[in-house]
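Take a look at the structure set out below.
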2 protein chains.
Amino acid sequence: MNDDLTARARIRDAAIKLFTERGIEGASIRDIATEAGVSSGLIRHHFGSKEALREACDNYARDRMFQLSRELIDEQGLENVSIATVQPVSFPLQTYLVRSMMDGSETAAALFQQTVEYGEEWAKTHGVVTDDFRAWSAVITVMKLGVFVLRDQLEQSLDIDISTADGYARLTRAFVDIFSQPLLTPEQAANLRKDPS
Amino acid sequence: MNDDLTARARIRDAAIKLFTERGIEGASIRDIATEAGVSSGLIRHHFGSKEALREACDNYARDRMFQLSRELIDEQGLENVSIATVQPVSFPLQTYLVRSMMDGSETAAALFQQTVEYGEEWAKTHGVVTDDFRAWSAVITVMKLGVFVLRDQLEQSLDIDISTADGYARLTRAFVDIFSQPLLTPEQAANLRKDPS
DNA sequence: GACTTGACTACACGGTCGTGTAGCTGTCTA
DNA sequence: TAGACAGCTACACGACCGTGTAGTCAAGTC
């Protein structure tokens, strides 16, 4: 159980794990303490309160994710990263952040807004056709995050583990199929734009 | 506060509202009772337990949603419904069901699997190009539901209320823009299919 | 008018929650 | 070697949770 990590790090990892699995309210301090192999008092000693523990997890997940994607850019160059945001290594962190956001995290909410703004600029400079770049990016972002929120359902439906290379590859291929062909004909699109019933 | 409804119906509506807003664990029997204007004991009298109340809400939301979409098909014909699944009137029910699914509802999970299967058949008969219809449908479904789960973030990002006609129309237009143009060139798609890094 | 029944309330129960507090360790330092 | 001080535990606290129980009240039945 990662005995080489400090107790503080083990608490943080256990909290991220249980917060992700059960939500913030669903995971108790005592459960997290047991998972980390420490007493519940130690959590209070290190983090002060449950809310402060959550914020520490938020900030850690955000910073670690930034660090990982920076490393990825250094390795692969900027252009391949947009799709590769969904990558196995940062998957647990992303999943945690989305869950935390749903449970009211301001850190995660700020990250969401930032992602939308980035996507908006990307769309403008990459030839996306729309007269509402903001809505385009927001909807794309929300759809992308849906994979994290509904990971359990997705895995059950496809009988895979997304965190494995095979599962992740299958997911990527589905994304590619979806985003490399239009689902609506120009006529259908024009009709829907006029009368969105 | 809908005084014309029976107490049982008011409890159910209040439960759906609070379960949606706070999650199943986050909404207490006492809160629901206060919201419905009854005593907490009455909830037990009518539904037996919190879990049974949740199942009653699940079944009600599912049946009501089916009923609404059947009415929509009768009005508009079958073909326009696939996109119109995202419609203002069934929005709260969908949002509730997705939230309940995330909190472990079997009824909602079954509905999800059913939706994936339906989407799979739709893709096969509507010229979608993929060699994995199942994954295609599952990912599309998950992305579609992302709108419900992350509704709060979406509304904050766009400064709209999705339940209004204007907000819903803006959302629909973004969907149309996204699904009427390919985001990847055939070359990019081929590359990603070979090496999903 | 006596009886039954279902809607409904008031209140008490054990359990779990986040938090508070007191005290025990080992290590470092003056 | 005495003292300071993190790291850490044990335990008690008030609050709130889902649930259980007893009882009130009005409407319907015979």
Side-chain angles (χ1 to χ4, degrees), chain A residues 1-60 96 99-100 102-108, chain B residues 1-60 96 99-100 102-108:
Chain A
M1 198 211 295
N2 285 332
D3 286 334
D4 54 333
L5 290 178
T6 64
R8 192 184 156 89
R10 269 183 292 132
I11 290 170
R12 184 236 299 139
D13 290 349
I16 289 181
K17 179 177 176 228
L18 295 190
F19 282 158
T20 304
E21 289 175 5
R22 313 178 190 175
I24 310 297
E25 298 224 22
S28 73
I29 298 275
R30 287 167 176 83
D31 289 343
I32 295 169
T34 302
E35 175 80 20
V38 299
S39 72
S40 65
L42 187 60
I43 297 184
R44 175 165 177 78
H45 173 70
H46 276 304
F47 297 94
S49 71
K50 190 180 185 180
E51 183 55 30
L53 169 61
R54 193 256 278 267
E55 283 175 24
C57 291
D58 285 350
N59 291 334
Y60 171 80
Y96 165 75
R99 178 78 209 212
S100 183
M102 288 188 45
D103 289 1
S105 159
E106 295 190 9
T107 301
Chain B
M1 197 214 294
N2 285 331
D3 287 334
D4 53 335
L5 291 178
T6 63
R8 193 183 155 88
R10 270 184 292 132
I11 290 170
R12 183 237 300 140
D13 290 350
I16 289 181
K17 179 177 178 229
L18 295 190
F19 282 157
T20 304
E21 287 174 7
R22 310 178 192 176
I24 309 296
E25 298 223 23
S28 73
I29 297 276
R30 287 168 176 82
D31 289 342
I32 296 169
T34 302
E35 175 80 21
V38 300
S39 72
S40 65
L42 187 60
I43 296 184
R44 174 165 178 78
H45 173 71
H46 276 304
F47 296 93
S49 71
K50 190 181 186 180
E51 183 55 31
L53 169 61
R54 193 255 277 266
E55 283 175 25
C57 291
D58 284 350
N59 292 333
Y60 172 80
Y96 165 75
R99 177 79 210 211
S100 183
M102 288 189 45
D103 289 1
S105 159
E106 295 191 8
T107 301

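Letters A, B, ... mirror the listed sequences (proteins, then strands); counts begin at 1.
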task: Mind calculating the distance between CD1 (B/Ile11) and P (D/dG18) to the nearest angstrom?
output: 14 Å

- prompt: Less than 4.0 Å between a side-chain N and a carboxylate O, is that true for A/Lys17 and A/Asp13?
  reply: no

Distance-minimising heavy-atom pair for B/Cys57 and B/Tyr96: CB-OH, 3.1 Å

- prompt: Counting any heavy atom closer than 4.0 Å, what does B/Arg8 reach on the DNA or RNA strands: base, sugar-phosphate only, or nothing?
  reply: nothing

field: From D/dG7, C/dT21, D/dT19, nucleotide with atom closest to A/Leu42 side chain
entry: D/dG7

query: Touch check for A/Ser28, heavy atoms < 4.0 angstrom, all strands: base, sugar-phosphate only, or nothing?
result: sugar-phosphate

- prompt: Taking atom CD1 of A/Ile11 and atom CD of A/Glu35, what is their separation to the nearest 0.5 Å?
  reply: 12.0 Å

- prompt: Counting side-chain heavy atoms from CB outward, which of C/dC17, D/dT19, C/dT9 is closest to B/Val38?
  reply: C/dT9

- request: Can you tell me the distance, in whole Å, between the CD1 atom of B/Ile43 and the P atom of C/dC8?
  value: 11 Å

- prompt: Could you go step by step and tell me if B/Arg8 and B/His45 meet the side-chain contact (heavy atoms from CB on, under 4.5 Å) rule?
  reply: CA-CA 10 Å; B/Arg8 193 183 155 88; B/His45 173 71; over 6 Å; no

field: Interatomic distance where CD1 belongs to A/Ile32 and C1' belongs to C/dT19 [whole Å]
entry: 14 Å

query: What distance separates B/Phe19 CZ from B/Lys50 NZ, expressed to the nearest 0.5 Å?
result: 5.5 Å

message: Can you measure B/Arg22 atom CZ to D/dC16 atom P for me and round it to whole angstrom units?
response: 14 Å

Polar contact flag, side-chain donor to acceptor under 3.5 angstrom, A/Arg54-A/Ser105: no

query: Closest nucleotide of DNA chain C for A/Gly41 versus for A/Asp31: which of these residues is on the 5' side?
result: A/Asp31

query: In Å, rounded to the nearest 0.5 Å, how long is the span from CG of A/Asp58 to CG of A/Asp103?
result: 10.0 Å

statement: Ordered by number, residues from residues 45-58 of chain A within less than 4.0 Å of DNA chain C (heavy atoms) are A/Ser49, A/Lys50

task: Report the distance from atom CZ of A/Arg10 to atom C1' of D/dG7, rounded to the nearest whole Å.
output: 12 Å

query: Would you say the base of D/dG18 and the side-chain of B/Arg30 have a donor-acceptor pair closer than 3.5 Å?
result: yes

